[in-house]
> 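First the structure, which I've put down as structure tokens, then a few questions once you've had a look.
Chain identifiers are assigned alphabetically (A, B, ...) following the order of the sequence lines, protein sequences preceding nucleic acid strands; residue numbering begins at 1 within each chain.
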Amino acid sequence: GDSVTQMEGPVTLSEEAFLTINCTYTATGYPSLFWYVQYPGEGLQLLLKATKADDKGSNKGFEATYRKETTSFHLEKGSVQVSDSAVYFCALSYGAGSYQLTFGKGTKLSVIP
Amino acid sequence: ETGVTQSPTHLIKTRGQQVTLRCSSQSGHNTVSWYQQALGQGPQFIFQYYREEENGRGNFPPRFSGLQFPNYSSELNVNALELDDSALYLCASSSGQDQPQHFGDGTRLSIL
């Protein structure tokens, strides 16, 4: 079946450091890919998405590119802030939206001043 | 615009009991999905309702059931609770089956 694998956390960075969170997927078809963020005590918020190969999703300084050849969708940000501390989930689904999302286990990011 | 609201926020039950969790979808949304998020794990899809009909189900036993009402709010019912049912239950609504999902803050269910 379909699955998503994320790098193990937690990840601790200093403010203004460069962030990469790796995500790879296994899928039988051609899914859409998503990054969601979960702040403490809250539900998930959609951060960005890409619906086909070579698409780049971006939002709030975060970016991720859909790489079909490496089945990857790594999340990057050039300069993290303390407010970026949260748990980040990579996910896939079939369709342009988010029908039946399949999530990775999540990566906890802590940014220290 | 009111977002997705879930109730209760926390709940404690014992093994064998039954529980009902509730979700009010965001205004204008006709699709509701439910997810189970165990501690330290990613959410797992339970099922989705579209216009009051079940529209897809994940790998969960029949004791997990749901309803969607004409106003598109939804309930998740779990019978014969087991210890492994302890988790955060997330509801998400969208304006269609293939539209971005908006999540509520979840209900934390603890089974003793």
> Following the transitive rule for hydrophobic clusters with a side-chain heavy-atom cut-off under 4.5 Å over Ile, Leu, Val, Met, Phe, Trp and Tyr, establish whether B:Tyr72 and B:Phe47 coincide in one cluster.
no
> Quick one: do A:Leu75 and A:Val4 end up in the same hydrophobic cluster if we chain Ile, Leu, Val, Met, Phe, Trp and Tyr together by side-chain heavy atoms under 4.5 Å apart?
yes
> What part of B:Arg108 gets within 4.5 angstrom of chain A, counting heavy atoms only: side chain, backbone, both, or neither?
neither
> Would you name the heavy atoms of B:Asn55 and A:Gln100 that are closest together and state the gap between them?
O-NE2, 4.4 Å
> Taking atom CD of B:Glu54 as the centre, does the number of heavy atoms from other residues, nucleotides or ligands within less than 6.0 Å exceed 12?
yes
> Around atom CG of B:Asn59, are there more than 12 heavy atoms of other residues, nucleotides or ligands at under 6.0 Å?
no
> If I measure from the heavy atoms of chain A, does B:Gln44 come under 4.5 Å with its side chain, its backbone, both, or neither?
neither
> Evaluate B:Gln101 against A:Phe34 for side-chain contact (heavy atoms from CB on, under 4.5 Å), listing each step before the verdict.
CA-CA 11 Å; B:Gln101 297 185 16; A:Phe34 306 83; over 6 Å; no
> Return the minimal non-hydrogen interatomic distance between A:Gly43 and B:Asp105, and the atom names on each side.
N-OD1, 3.1 Å
> Based on non-hydrogen pairs under 4.5 Å, which of B:His102, B:Gln6, B:Gln37 is most in contact with chain A?
B:Gln37
> Taking CD in A:Glu69 as the centre, count heavy atoms belonging to other residues, nucleotides or ligands within less than 6.0 Å. Is the count above 12?
yes
> Check the hydrophobic clustering (I, L, V, M, F, W, Y; side-chain heavy atoms under 4.5 Å; chains of links allowed) and say if B:Trp34 and B:Tyr50 are grouped together.
no
> B:Pro43 and side chain to side chain contact (heavy atoms under 4.5 Å, CB included): which partner among A:Thr102, A:Leu44, A:Leu101?
A:Leu44
> Tell me whether the count of non-hydrogen atoms from other residues, nucleotides or ligands lying under 6.0 Å of CG in B:Leu83 goes above 12.
yes
> After noting the C-alpha distance and the side-chain angles of B:Phe45 and A:Phe103, does the key distance pass the side-chain contact (heavy atoms from CB on, under 4.5 Å) rule?
CA-CA 9 Å; B:Phe45 176 75; A:Phe103 287 89; over 6 Å; no
> Run the side-chain contact (heavy atoms from CB on, under 4.5 Å) test on A:Gln38 and B:Leu88 for me, step by step, so that the C-alpha distance in whole Å, both residues' side-chain angles and the decisive distance to 0.1 Å come before the verdict.
CA-CA 13 Å; A:Gln38 187 174 37; B:Leu88 179 68; 4.0 Å; yes
